[in-house]
Peer 1: 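Submitted below is the structure of interest, expressed as structure tokens.
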Protein chains: 2
Amino acid sequence: MPTPHPPHDAAPLAERLRAQGLRLTSQRQRVLAAVAGLEHATPEAIATRLREEAGPDGAAPDTSTVYRTLELLERLGLVWHTHLGKGAPVYHAAEHPHLHVVCAGCGAISSVDPALLDSAAERLAAELGFSLDVGHVALSGTCRACRDRVGTEP
Amino acid sequence: MPTPHPPHDAAPLAERLRAQGLRLTSQRQRVLAAVAGLEHATPEAIATRLREEAGPDGAAPDTSTVYRTLELLERLGLVWHTHLGKGAPVYHAAEHPHLHVVCAGCGAISSVDPALLDSAAERLAAELGFSLDVGHVALSGTCRACRDRVGTEP
DNA sequence: CTTACTGCAAACACTTTGCAAAGTA
DNA sequence: TACTTTGCAAAGTGTTTGCAGTAAG
């Protein structure tokens with residue numbers, strides 16, 4: 001079983017930055033750690049978490065830095081993001097990609113095995129030459145609870 | 001083969017509005033017609049189109065009216081929208097729902113048969129009690145052209 | 001020391017809301 | 001007339017950008 005909250009091993013970050021002549025900064029380390037420690041983290045949520053961690057006196061990375069850093073980390077392959085529908089995208093630590101399923105009624109998010117779309121991906125590849133990126137968007141629908149609720153509360 | 005630009009039969013609109021004690025206005029007719037006449041229309045694109053149709057002197061519906069109207073038309077089942085990723089959602093006339101596939105590289109949009117996800121939908125229903133709304137989000141990936149371009153222009 | 005990075009503030013894109021005037025039934 | 005809609009203007013999110021000062025290598 002995977003470690004719940006990996007204390008974020010910073011090594012890959014330092015390496016990949018160095019490989020491109022980029023610099024290791026505390027902001028970059030902190031943003032990466034925040035993404036790793038949160039689930040389905042929006043940029044806003046990440047910024048908030050960083051402010052909490054910094055405390056009332058400490059300085060947290062600026063919002064614009066959070067955005068810029070997320071973009072960078074994604075280019076480096078350390079994080080990825082998914083659009084859950086409307087609103088802000090959510091970021092994940094790179095590890096095991098997964099597919100999201102969101103309830104349009106209550107917003108509940110489930111993670112499912114990306115293999116769910118394997119056959120669809122194969123058909124798209126064969127018929128359109130299109131290679132599916134399973135993780136980048138979430139599937140939308142209605143969860144059992146919301147479906148049961150129909151008719152119960154008009 | 002389907003009619004290219006159906007001249008938008010307004011009957012269903014009038015009926016459904018009346019059925020709910022709502023009113024038929026020219027704005028509502030115009031917004032519906034614009035959605036029917038455009039493909040993958042964002043609210044902004046719809047507003048622009050309406051401005052063009054109104055001409056330099058005529059009055060086009062206000063942006064806020066466009067948003068309110070799209071929401072209404074969707075409740076009435078006359079249009080539906082899809083999130084293509086980041087940015088504004090796109091609206092479609094209700095008719096035949098379809099699934100969108102977007103290239104992350106060039107933004108090209110393909111429409112595919114929703115049946116593509118039938119087996120995935122069945123598994124989600126069986127395993128999670130989740131009913132998939134196939135049209136609400138687009139699948140993301142890379143189209144053949146963008147894939148071929150990799151390595152050609154670094 | 002050189003050049004990348006950050007914080008700040010302002011601008012942007014997309015939507016929503018309150019309210020008085022206008023329009024439909 | 002009674003009640004729904006609209007337009008306008010302003011406020012709300014979510015995100016990006018220009019730039020001068022700060023800091024990593």
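Since we're looking at a predicted model, the values are computed, not measured. Residue numbering restarts at 1 for every chain, and letters A, B, ... go by the order of the sequence lines.
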Peer 1: Restricting to non-hydrogen atoms, name the atom on A138(A) and the atom on T82(A) that form the minimum distance, rounded to 0.1 Å.
Peer 2: N-CG2, 3.9 Å

Peer 1: Walk me through it: do C103(B) and F130(A) pass the test side chain to side chain contact (heavy atoms under 4.5 Å, CB included)?
Peer 2: CA-CA 8 Å; C103(B) 174; F130(A) 187 94; 4.3 Å; yes

Peer 1: Looking across every strand, which nucleic acid part, if any, lies under 4.0 Å from S64(A) by heavy atom: base, sugar-phosphate, or nothing?
Peer 2: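 Base, at least one base heavy atom under 4.0 Å.
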
Peer 1: Tell me the interatomic distance from Q20(A), atom CD, to dG25(D), atom C1', rounded to whole angstroms.
Peer 2: 16 Å

Peer 1: Please list, in numerical order, the residues of residues 73-94 of chain A that have a heavy atom closer than 4.0 Å to any atom of DNA chain D.
Peer 2: A88(A), P89(A)

Peer 1: Evaluate the side chain to side chain contact (heavy atoms under 4.5 Å, CB included) criterion for residues V112(B) and L128(A): first the C-alpha distance (whole Å), next the side-chain angles of each, then the deciding distance (0.1 Å), finally the verdict.
Peer 2: CA-CA 10 Å; V112(B) 306; L128(A) 297 178; 3.9 Å; yes

Peer 1: For a quick check under 3.5 Å, do S119(A) and R123(A) share a side-chain donor-acceptor pair by atom type?
Peer 2: no

Peer 1: Kindly say if Y67(B) contacts the phosphate of dT15(C), meaning a side-chain N or O under 4.0 Å from OP1 or OP2.
Peer 2: yes

Peer 1: For residues H92(A) and H40(A), establish whether the separation of their ring centroids is below 6.0 Å.
Peer 2: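 That pair passes the under 6.0 Å test.
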
Peer 1: May I ask you to verify if any side-chain N or O of Q27(A) is less than 4.0 angstrom from the OP1 or OP2 atom of dA23(D)?
Peer 2: no

Peer 1: Among side-chain atoms of H100(B) and H136(B), is any donor-acceptor pair under 3.5 angstrom?
Peer 2: no

Peer 1: Taking the side chain as C-beta and beyond, is there a heavy-atom pair between L139(A) and V102(A) under 4.5 Å?
Peer 2: no

Peer 1: Under the side chain to side chain contact (heavy atoms under 4.5 Å, CB included) rule, what do Q29(B) and L13(B) come out as? Steps first, then yes or no, please.
Peer 2: CA-CA 8 Å; Q29(B) 298 177 86; L13(B) 173 58; 4.0 Å; yes

Peer 1: Checking H83(A) against V137(B) for the side chain to side chain contact (heavy atoms under 4.5 Å, CB included) test, could you report, in this order, the C-alpha distance in whole Å, the side-chain angles of both residues, the deciding distance, and whether it holds?
Peer 2: CA-CA 9 Å; H83(A) 294 282; V137(B) 292; over 6 Å; no

Peer 1: Under 4.0 angstrom, heavy atoms only, what part of the nucleic acid is R28(A) near: base, sugar-phosphate, or nothing?
Peer 2: sugar-phosphate

Peer 1: When the distance from CG of L32(B) to C1' of dT5(D) is rounded to whole Å, what number comes out?
Peer 2: 17 Å

Peer 1: Between P61(B) and G21(B), which residue's closest nucleotide on DNA chain D lies nearer the 5′ terminus?
Peer 2: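 First, find each residue's nearest nucleotide; the 5'-ward one identifies G21(B).
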
Peer 1: If we fit an axis to the first five pairs and another to the last five of the helix from dC1(C)-dG25(D) to dA25(C)-dT1(D), what angle do they make, to the nearest 10°?
Peer 2: 30°

Peer 1: Output the rounded distance in Å from CD (E71(A)) to P (dC5(C)).
Peer 2: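 It is 12 Å, rounded to the nearest whole Å.
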
Peer 1: Testing T69(A), L32(A), V31(A) for side chain to side chain contact (heavy atoms under 4.5 Å, CB included) with V79(A), which one passes?
Peer 2: L32(A)

Peer 1: Does E74(A) reach the side chain of E71(A), with side-chain heavy atoms less than 4.5 Å apart?
Peer 2: no

Peer 1: By nearest nucleotide on DNA chain C, pick out whichever of E44(B) and D62(A) is the more 5' one.
Peer 2: D62(A)

Peer 1: Between protein and nucleotides 20-25 of chain C, map the contacts as a letter string: B base, S sugar-phosphate only, - none, heavy atoms under 4.0 Å, written 5' to 3'.
Peer 2: ---BBS

Peer 1: Just the rounded figure in Å: distance from C1' of dG14(D) to CZ of R68(A).
Peer 2: 16 Å

